[in-house]
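I'd like to ask some things about the structure below.
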Amino acid sequence: MTYRAPVSDYQFIFDHIVDFSAVLNSESFSDVDQDTVLAILEEAGKLASDVIAPLDRGGDLNPAQLVDGVVKTSPGFADALGQVAEGGWIGMLASPDNGGMGLPLTVGTAVNDMMSGACLALSLYPLMCQGQIEALEHHASDDLKAVYLPKLVSGEWCGTMNLTEPGAGSDVGALRTKAERNGDGSYSITGQKIFITWGDNDFSENVCHLVLARLPDGAPGTKGISLFMVPKVIPNEDGSLGEKNSLHVVSLEHKLGIHGSPTCVMEYDGAKGWLVGEEHQGMKCMFTMMNNARLGVGVQGVGIAEAATQKALAYAQGRVQGKSPLGNEGAGIIDHADVRRMLATMRADTFVARSIALACGVALDLGRTVPEQQARGAFLIPIAKAFSTDIGHEVAQTGVQVHGGMGYIEETGAAQYARDARITSIYEGTNGIQAMDLVGRKLMDGGEAAFALLDEIETFAEAARATLPKRAIAVWNSAETLREGLETVLTLPMNDRFGVAVPFLRAFARVLGGYFHLKAAIAEGGDGPRSRLAAFYIKRMLPEHRALLAQVRLGAQDIYALSPEDLTV
């Protein structure tokens, strides 16, 4: 069995879980209707299933290579990405004024989910381009937009973002890359950047790097950082390509997974660049791209979870081992209780992660004009990124377990999902940093956005008591317990919040999962596959929130009670 894009799941979630109709009825997207969205999802699904997915294994076995200073990409990637560009998928979220489709972020999130499930290494290429397009649309000068946006949207050129340096990872403000004014409106950029996803390739006409650097008069830390567009090839005034810029790929990282994605060490040696936004305001500009990427990374986790679940399910149905406890002659291991439990857990959590990501997309789409929705979207971003990528990793690991010994053998492909998924919990801000953002910056409103979500869950669960009383009461009680946990977090000093941030984020996601599964069961009428999966989740998985929230009351004191010496055996 190969990956098949789960288009019907997106449609169900749009119709019954995340109120996507509100997006279609909003002024921002009045020219998009449900039939158009379905057609887009179906076409993207065909592209993901038939064109991109067949390249996944080959990209893992034949990784990108650096040969004589030139990146050679995995076989078939150039042709597939050409089809991605020709179909308009790179510019699907961009403004029509710049040649884009102008689609809702929610739809783009679903498309990126499909592409990630089909081939994560390849899907990183359009994701980087989309993030750069959004940053330029918001912050670049009209002159820069005129030169770069049409080429990026069309896919003729591609984009990257350059933040990380050997001595500046999560602490971006420690960067050492320098920028100097040339006196003609351009700047000279010198320094080294690492972990640059798709930093080069052998098929794009140009590679456009967004680079963080510090001007001589830039203040220390993040406040003194500026953002620059630094192209591989410098465009002429008429938009044609001119001379090569003073930058090159030093090396490619040898990685645990996503082998088809060239992760580059980039060297800038007085490379010519142009300011994006204002001087010393680079982090403000880059956060536009990073927020886009964080939701995009979240659905990478969802995509991997979906692909790993599909592969594990197919294997469990076909693998005969021992006598079926259900008496089914010749049945696969799916009849064994523990295997069925693992598959149900994989499917239930994949649905939760996808629903959270799409709910975040809906809130951000509506947040264009509704401040409360903008706040909701901002609150959901760290949950969508952290929980979904954690689930991608966990589901992929469980997929290996379902395969048994064969899961540890590379030829089945199950191990590739486990390797590929691992990076998603790390990049675009580690999941610990996402959790700290949730309990720190995202609760600076006193918890207003969080409490509004809990009010919504409890209101729905109260109404659902008439139809599914036991499941509704369980969800209502979980929301109330989470409310108490939230109130506790708000009383804690910041470092104590950080000590409980990860379990708090996980607990919030668990309760959101109960809510979304309950909504699915109600939409189905309480009897059907989604209802039975909801019962499984609410009975077996939702109770985890209580243990997680028990940690919240502890703060960080018991953590620091353990000295470094105590941890040395």
Side-chain angles (χ1 to χ4, degrees), residues 3 48 52-53 56 59-60 63 108-128 130-131 160-161 163-164 169-170 194-198 253-263 289-311 346 349-358 360-361 380-400 413-438 502 505-506 509:
Y3 172 83
I52 298 175
D56 192 35
D60 186 58
T109 299
V111 173
N112 286 334
D113 178 345
M114 290 187 239
M115 291 190 180
S116 298
C119 179
L120 179 56
L122 185 146
S123 73
L124 289 167
Y125 177 96
L127 183 67
M128 291 295 98
Q130 290 165 13
T160 75
M161 61 177 178
L163 289 77
T164 307
S170 300
I194 62 173
F195 303 155
I196 308 308
T197 299
W198 278 95
E253 303 290 0
H254 298 281
K255 309 187 296 290
L256 177 68
I258 55 170
H259 294 152
S261 171
T263 303
M289 189 173 183
M290 289 170 65
N291 277 331
N292 177 298
R294 283 172 178 169
L295 180 55
V297 171
V299 293
Q300 288 173 25
V302 180
I304 287 288
E306 177 66 46
T309 300
Q310 290 186 19
K311 183 173 284 291
M346 295 166 76
D349 259 346
T350 300
F351 173 80
V352 172
R354 178 171 288 135
S355 296
I356 290 173
L358 294 177
C360 183
L380 286 173
I381 279 178
I383 301 176
K385 193 279 179 183
F387 179 76
S388 297
T389 56
D390 279 348
I391 292 305
H393 171 64
E394 292 169 19
V395 167
Q397 293 290 343
T398 304
V400 172
Q416 182 185 340
Y417 293 132
R419 290 186 285 102
D420 286 353
R422 190 63 190 89
I423 186 59
T424 62
S425 305
I426 299 172
Y427 59 21
E428 295 310 325
T430 66
N431 286 357
I433 289 175
Q434 301 300 323
M436 291 163 66
D437 178 49
L438 181 71
V502 168
L505 184 149
R506 181 80 171 207

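Worth saying up front: this structure is predicted, and the values here are computed from it rather than measured. Note that the numbering runs from 1 along the sequence shown for the chain.
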### Query
Backbone N or O of Ile383 within a donor-acceptor pair of the Gln434 side chain at under 3.5 Å?
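No; zero donor-acceptor contacts below 3.5 Å.
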### Query
Only one of Ser388, Ser116, Ser355 forms a side-chain contact (heavy atoms from CB on, under 4.5 Å) with Val302, so which one is it?
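Going through the options one by one, the only one that passes is Ser388.
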### Query
Which atoms form the tightest heavy-atom contact between Val400 and Ala418, and what is the distance?
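Nearest heavy atoms, Val400 then Ala418: CG2-CB, 4.2 Å.
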### Query
Taking side chain as C-beta onward, heavy atoms only, is His259 less than 4.5 Å from Arg419?
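The answer is yes; the side chains approach within 4.5 Å.
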### Message
So, taking the atom named OH in Tyr125 and the one named OG1 in Thr197, what distance separates them when rounded to the nearest 0.5 Å?
### Response
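The OH atom of Tyr125 sits 13.5 Å away from the OG1 atom of Thr197.
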### Heavy-atom pair with the smallest gap, counting every atom of Ala396 and Ala421
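Looking at all heavy atoms of both residues, the shortest contact is CB-CB, 4.4 Å.
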### Query
Are the side chain of His393 and the backbone N or O of Thr389 linked by a donor-acceptor pair below 3.5 Å?
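Not at all, since once roles are kept as given, no pair shorter than 3.5 Å links the two residues.
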### Task
Could you tell me the separation between the CG atom of Leu505 and the CE atom of Met436, rounded to the nearest 0.5 Å?
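Answer for the CG-CE pair, Leu505 versus Met436, is 12.5 Å.
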Validation: residues 293-301 side-chain donor-acceptor distances under 3.5 Å, sequence neighbours left out:
| from | atom 1 | to | atom 2 | distance (Å) |
| --- | --- | --- | --- | --- |
| Arg294 | NE | Glu428 | O | 3.1 |
| Gln300 | OE1 | Tyr427 | OH | 2.4 |

#### Entry: For Phe351, ring pair (Phe, Tyr, Trp, His ring centres under 6.0 Å) partners two or more places apart
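Expected list: His517.
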### By salt bridge (charged side-chain N to carboxylate O under 4.0 Å, His left out) - contacts of Asp390 (at least two apart)
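Partners of Asp390 under the salt bridge (charged side-chain N to carboxylate O under 4.0 Å, His left out) test: none.
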### Query
If you round to the nearest 0.5 Å, how far is CD1 of Ile356 from CZ of Phe387?
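Phe387 atom CZ to Ile356 atom CD1 measures 5.0 Å (nearest 0.5 Å).
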### Query
Who pairs with Ala307 by side chain to side chain contact (heavy atoms under 4.5 Å, CB included), at least two apart in sequence or on another chain?
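Only Tyr3, Tyr417 meet the side chain to side chain contact (heavy atoms under 4.5 Å, CB included) criterion with Ala307.
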### Task
Starting at OG of Ser425, measure out to CD of Glu394 and round the result to the nearest 0.5 Å.
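Going from the OG atom of Ser425 to the CD atom of Glu394 covers 8.5 Å.
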### Message
Counting C-beta onward and ignoring hydrogens, is there a side-chain heavy-atom pair between Asn112 and Ser123 closer than 4.5 Å?
### Response
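No, their side chains stay 4.5 Å or more apart.
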### Task
Taking all non-hydrogen atoms of both residues into account, name the closest pair between Leu124 and Ser261 and its distance.
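Minimum heavy-atom separation between Leu124 and Ser261: CD1-OG, 3.6 Å.
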### Point-to-point distance, once rounded to the nearest 0.5 Å, from OG1 of Thr309 to CD1 of Ile304
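Result: 10.5 Å between the selected atoms.
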### Task
Check each of Thr430, Asn431, Asp437, Thr424 against Lys385 using the side chain to side chain donor-acceptor pair (under 3.5 Å) test, and report the only one that passes.
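For Lys385, the side chain to side chain donor-acceptor pair (under 3.5 Å) check succeeds only for Asn431.
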### Message
Once salt bridge (charged side-chain N to carboxylate O under 4.0 Å, His left out) is applied, do any residues pair with Arg422, and if so which ones, sequence neighbours excluded?
### Response
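For Arg422, no residue satisfies salt bridge (charged side-chain N to carboxylate O under 4.0 Å, His left out) once neighbours in sequence are set aside.
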### Message
Using only atom types and a distance under 3.5 Å, with no angle test, would you say the side chain of Asp420 pairs donor to acceptor with the backbone of Ile258?
### Response
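Side chain of Asp420 to backbone of Ile258, a donor-acceptor pair under 3.5 Å: yes, one is there.
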### Query
Got a sec, which pairs hit salt bridge (charged side-chain N to carboxylate O under 4.0 Å, His left out) with one end in residues 108-128, sequence neighbours left out?
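Matches after skipping sequence neighbours: Asp113-Arg354.
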### Query
Can you name the closest pair of heavy atoms from Val395 and Met346 and give their distance?
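It is O-CE, 3.5 Å.
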### Message
How long is the straight-line distance from CE of Met115 back to CG of Leu127, given to the nearest 0.5 Å?
### Response
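Between Leu127 CG and Met115 CE, I get 10.5 Å after rounding to 0.5 Å.
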### Query
Considering only heavy atoms from C-beta outward, does the side chain of Ile423 approach that of Lys255 to under 4.5 Å?
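No, their side chains stay 4.5 Å or more apart.
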### Message
Looking at every non-hydrogen atom in both residues, tell me the closest pair between Cys360 and Ala384 and how far apart they are.
### Response
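The pair with the smallest heavy-atom distance is CB-CB, 4.4 Å.
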